[in-house]
Amino acid sequence: MQQLYSQFGQLEGVVIELHKELLAVRITNKAATATVFLQGAQLSHYQTPGQPALIWCSDESDYREGTPLRGGIPVCWPWFGDIARNPEAVQQQIPDHEGVSAHGFVRSRLWDVVSVATPDPHTTRLHLQLQLAADQEPLWPSACELNMVISVGETLSLDFSVTNLSDKTVHFASALHSYFGVNAIDDTIVGGLDEHSYIDSLDDWQEKQQHGSLVIDQEVDRIYRGTNHAITIKDAQRRMTINSEGSHSCIVWNPWIEKSKRLSNFADDDYLRMLCIETANAEQDYIQLAANDSHHLKLTISSSTE
Ligand SMILES: O=P(O)(O)OC[C@H]1O[C@H](O)[C@H](O)[C@@H](O)[C@@H]1O
């Protein structure tokens, strides 16, 4: 912490802080506030002045090493959800599937801070990195470099990139598992999914078709296909817009009443105030990355009250 503080803690609007066992960078500039944890490069908070927080994070998160926070934007990599539900090519990259947790392993790993910059009073840019050396990771033997650049300003943007440093093509799935804060889930409409097909994981992984806007009035856990355009979340207070690059799939998830009771670090009624729209490379949209190539998964979030 001392070293981080002397490197980056002197910058105006940048505070290095400890939440129980976890280090975080707290950012304040003229346009927004944000908090990013070094564990998992996980953003937990983003808010613009006079607006409710855009990103939701559970008050029950326990801030322990090895446990991702419940909320914010966890990074899922190199598989999404249950490993057994990933494409064969992704599963084959992982040597041993026994007892592995959902959503890969990098969301609970400690990332390095490469730089923090404030190019102007309205923008702060944080660059985090995770180096995976060849044959050092039980769950990922190929050498890869993961970078996350988070820009905090009037909009929030994340650029998650993977560079394949091995001499073979690698295959992976990924997601920026964003938990959005909503005023009331039963007064929330998701736009941008009309006429898209999706996989319904709650109905035997059947393929279905979305017609019109999506209203959340029950448990929802779906992988939408072909979502390489803006998606909107409209509640009583505002419209949030999610733009992505390098992604053709997104997951829409709300645990609703019964699953909320079973979820870790989640209050029974938290489902009323959150909705996950996860910018992803999931299911058939998994990434095949040649040696020395990089893939960028980018997400930009903005909101307006009109
Ligand atoms: O509890 P976690 O491992 O963080 O997963 C939370 C949720 O993530 C995704 O959205 C999945 O589609 C859900 O099935 C899962 O319950």
Side-chain angles (χ1 to χ4, degrees), residues 22 37 39-44 55-87 90 94 97 99-109 139 160 172-182 185 188 190 193 196-208 210 214 216 218-225 227 231 233 242 244 247 249-268 270-271 273-286 297 299:
L22 303 181
F37 282 79
Q39 176 170 281
Q42 185 171 358
L43 179 132
S44 66
I55 297 295
W56 178 89
C57 193
S58 170
D59 291 339
E60 299 191 359
S61 293
D62 51 11
Y63 303 98
R64 299 278 173 228
E65 274 177 23
T67 309
L69 305 181
R70 169 67 68 199
I73 309 187
V75 179
C76 306
W77 190 91
W79 63 88
F80 179 79
D82 178 354
I83 192 167
R85 287 286 179 186
N86 282 254
V90 173
I94 319 301
H97 299 184
V100 301
S101 43
H103 296 324
F105 63 94
V106 302
R107 63 175 174 161
S108 49
R109 294 289 297 274
L139 295 172
F160 168 60
F172 58 83
S174 55
L176 298 171
H177 189 312
S178 316
Y179 287 74
F180 290 91
V182 296
I185 194 71
T188 299
V190 182
L193 300 172
H196 283 66
S197 63
Y198 65 87
I199 302 295
D200 189 349
S201 76
L202 300 174
D203 190 8
D204 205 18
W205 296 77
Q206 289 187 65
E207 183 177 344
K208 299 183 180 175
Q210 178 72 37
L214 172 64
I216 315 286
Q218 58 183 320
E219 184 179 350
V220 172
D221 197 347
R222 303 174 177 176
I223 304 175
Y224 280 87
R225 293 169 167 166
T227 53
I231 295 183
I233 306 173
I242 306 159
S244 61
S247 158
S249 52
C250 89
I251 291 85
V252 179
W253 177 58
N254 181 288
W256 211 247
I257 300 167
E258 289 310 315
K259 187 164 177 176
S260 291
K261 295 179 189 161
R262 302 193 301 270
L263 271 183
S264 58
N265 308 115
F266 199 83
D268 287 358
D270 274 344
Y271 75 95
R273 293 177 289 274
M274 55 67 70
L275 175 64
C276 284
I277 306 274
E278 309 164 31
T279 300
N281 298 118
E283 207 238 341
Q284 57 187 215
D285 181 32
Y286 73 90
L297 175 62
L299 165 65

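Quick note: numbers below take in every heavy atom, side chains included, and nothing from hydrogens, waters or symmetry partners. Just follow the structure's listing: the first ligand is 1, and inside any ligand the first atom is 1.
- Annotation: side chain of Phe37 is in contact with side chain of Tyr63 (closest heavy-atom distance under 4.5 Å).
- Within the listing of ligand 1, atoms 11 (C), 12 (O), 13 (C), 14 (O) sit less than 4.0 angstrom from a heavy atom of Asp221.
- At the top of the distance list for atom 16 (O) of ligand 1, counting protein heavy atoms only, stands Lys259 NZ, 2.7 Å.
- Ile223 and Trp205 get closest at one heavy-atom pair: CD1-CZ3, 4.1 Å.
- In this structure, the protein non-hydrogen atom closest to atom 6 (C) of ligand 1 is Trp253 CH2, 3.5 Å.
- Of all the atoms in ligand 1, the ones that sit under 4.0 Å from a non-hydrogen atom of His177 are 6 (C), 7 (C), 8 (O), 9 (C), 10 (O).
- Regarding atom 10 (O) of ligand 1, its nearest protein heavy-atom neighbour is Glu278 OE2, 2.6 Å.
- From the protein, the heavy atom lying nearest to atom 2 (P) of ligand 1 is Arg70 NH1, 3.7 Å.
- For the pair Glu283 and Arg225, the salt-bridge criterion is met [side-chain N within less than 4.0 Å of a carboxylate O].
- Remark: Asp203 engages Lys208 in a salt bridge, criterion side-chain N to carboxylate O under 4.0 Å.
- Looking only at atom types and distance, the side chain of Ser174 has a donor-acceptor partner in the side chain of Asn281 under 3.5 Å away.
- Using a 4.0 Å cutoff on heavy atoms, Arg107 counts as a contact of ligand 1.
- The side-chain heavy atoms of Leu139 and Pro78, taken from C-beta on, include no pair separated by under 4.5 Å.
- Looking only at heavy atoms of the protein, atom 5 (O) of ligand 1 is closest to His103 NE2, 3.3 Å.
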